[in-house]
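Whatever order the structure lists ligands and atoms in, that order sets their numbers, starting from 1. Computed from heavy atoms alone, side chains included, the values below leave out hydrogens, waters and symmetry copies.
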Amino acid sequence: MSIVLGENRYGKAETRLVRVVRDGETHALVDFTVGVSLSGDLAATHLTGDNSGVLPTDTMKNTVYAFAKEHGAGEPEEFALLLARHFVESQPQVRAARVSVESSGWARLGPHSFRKNGDYTRTAVVWVTVEQTQVVSGVTGLTLLNTTASEFHGFPRDKYTTLPETGDRILATAVDARWRHLGDDATWAESFEGVLGALVKGFVDTYSHSLQQTLFAMGSHALRAREEVAEIRLALPNKHHYLVDLSPFGLTNDNEVFVAGDRPYGLIEGTVTRDDVPEALTGWYQ
Ligand SMILES: O=c1[nH]c(=O)c2[nH]c(=O)[nH]c2[nH]1
């Protein structure tokens, strides 16, 4: 028996970057959380402690800030590509770089005043290897709710099933979506807004018999709306809303009073793909 080193990577997680662009009196603001992770010919440091190939994670953090000054921090995908390409091109032992950006939106209140948006986070993850580039955009925490047009029935029952069938319920979820681009040069902001709009439209316009059906409809809307997107991975928590029993108070409850459940919650996950696109790098949605 021998013990061998398996897959490994290293990097700097969650570098917090705020970049202000001063255009006279009017300022613009970008708020990114950046993750860098490198892999390649890095066995020596694990096996013998030879650090000759280990670009310090501190340097990765510094590069994020220096690039924000030198190149600006534009679209998350663009900034991530710039960083990932830099690490692969400048460090021969690095064969692949994964750079993630979480972008928090700030709504303008005045020339230099902003209010933080809490309704969702935009994300980008890029992988750059010596041969390949892959860009994945996404959104997390986009909470959507329909007060009707949702049923759930026809499911199997066993001796542990207590869930009543319903022909009218609240359907709510916090969308975690990632979509893989076919290329690496989309018009990122427009593409993001397009996918976001399509996902929301898919949720709103679908008469749902299950969150699974809604997931496929949302993914299909996104792929139909944006030809630059190859596939989309959705993770949809089912944010259950339970009818409150008002009968002890002599009151009826005709789908009007609910308790919003917290945990546990159903978690519906799936990928919606065009059937004619090249394969992704494995684990592209991670
Ligand atoms: O849309 C739903 N899908 C399920 O798989 C499920 N399971 C459950 O208990 N409620 C629901 N709702």
Side-chain angles (χ1 to χ4, degrees), residues 118-123 125 136-180 192-226 229-249 251-275 277 280 282-286:
D119 48 357
Y120 62 76
T121 303
R122 179 176 164 186
T123 65
V125 182
V136 173
S137 302
V139 65
T140 59
L142 171 71
T143 303
L144 305 174
L145 186 150
N146 283 327
T147 52
T148 188
S150 168
E151 307 182 10
F152 188 63
H153 49 78
F155 46 83
R157 309 194 76 88
D158 68 12
K159 64 179 179 175
Y160 302 117
T161 305
T162 57
L163 187 73
E165 307 223 329
T166 176
D168 191 0
R169 65 173 182 174
I170 285 181
L171 186 68
T173 189
V175 178
D176 179 342
R178 284 144 212 247
W179 51 95
R180 176 167 73 90
F192 175 79
E193 292 300 332
V195 173
L196 189 70
L199 290 173
V200 170
K201 190 163 166 43
F203 182 85
V204 171
D205 288 356
T206 302
Y207 189 100
S208 177
H209 290 85
S210 65
L211 189 50
Q212 288 88 332
Q213 183 192 12
T214 299
L215 180 151
F216 186 73
M218 292 170 74
S220 304
H221 267 72
L223 294 186
R224 275 197 290 270
R226 303 302 308 188
V229 177
E231 61 184 319
I232 179 161
R233 167 94 179 170
L234 290 148
L236 302 180
N238 193 351
K239 295 176 81 69
H240 304 296
H241 288 70
Y242 303 105
L243 264 188
V244 178
D245 179 9
L246 298 175
S247 61
F249 322 119
L251 298 170
T252 57
N253 189 356
D254 190 17
N255 266 346
E256 292 176 305
V257 181
F258 297 86
V259 57
D262 175 14
R263 282 169 278 186
Y265 52 88
L267 183 59
I268 312 302
E269 300 176 89
T271 308
V272 186
T273 314
R274 295 185 198 281
D275 64 3
V277 290
T282 46
W284 65 268
Y285 45 81
Q286 285 160 3

### Query
What is the ring orientation for H209 with H153, classed by angle as parallel under 30°, tilted 30 to 60°, or perpendicular over 60°?
perpendicular

### Message
Quick check: do W179 and V136 have side-chain heavy atoms less than 4.5 Å from each other?
### Response
no

### Message
For a side-chain contact (heavy atoms from CB on, under 4.5 Å) check, start with the C-alpha distance between E151 and E165, then their side-chain angles and the critical distance, and finish with the verdict.
### Response
CA-CA 8 Å; E151 307 182 10; E165 307 223 329; over 6 Å; no

### Task
Evaluate side-chain contact (heavy atoms from CB on, under 4.5 Å) for L243 paired with F258, printing each intermediate quantity in order.
CA-CA 5 Å; L243 264 188; F258 297 86; 3.7 Å; yes

### Summary
Those residues at least two apart in sequence (or on a different chain) that pass salt bridge (charged side-chain N to carboxylate O under 4.0 Å, His left out) with E256 are none

### Task
Carefully, step by step, assess T214 and S208 under the rule side chain to side chain donor-acceptor pair (under 3.5 Å).
CA-CA 6 Å; T214 299; S208 177; 2.8 Å; yes

### Query
For ligand 1, what are the residues with a heavy-atom contact below 4.0 Å?
F152, L163, R169, S210, L211, Q212, N238

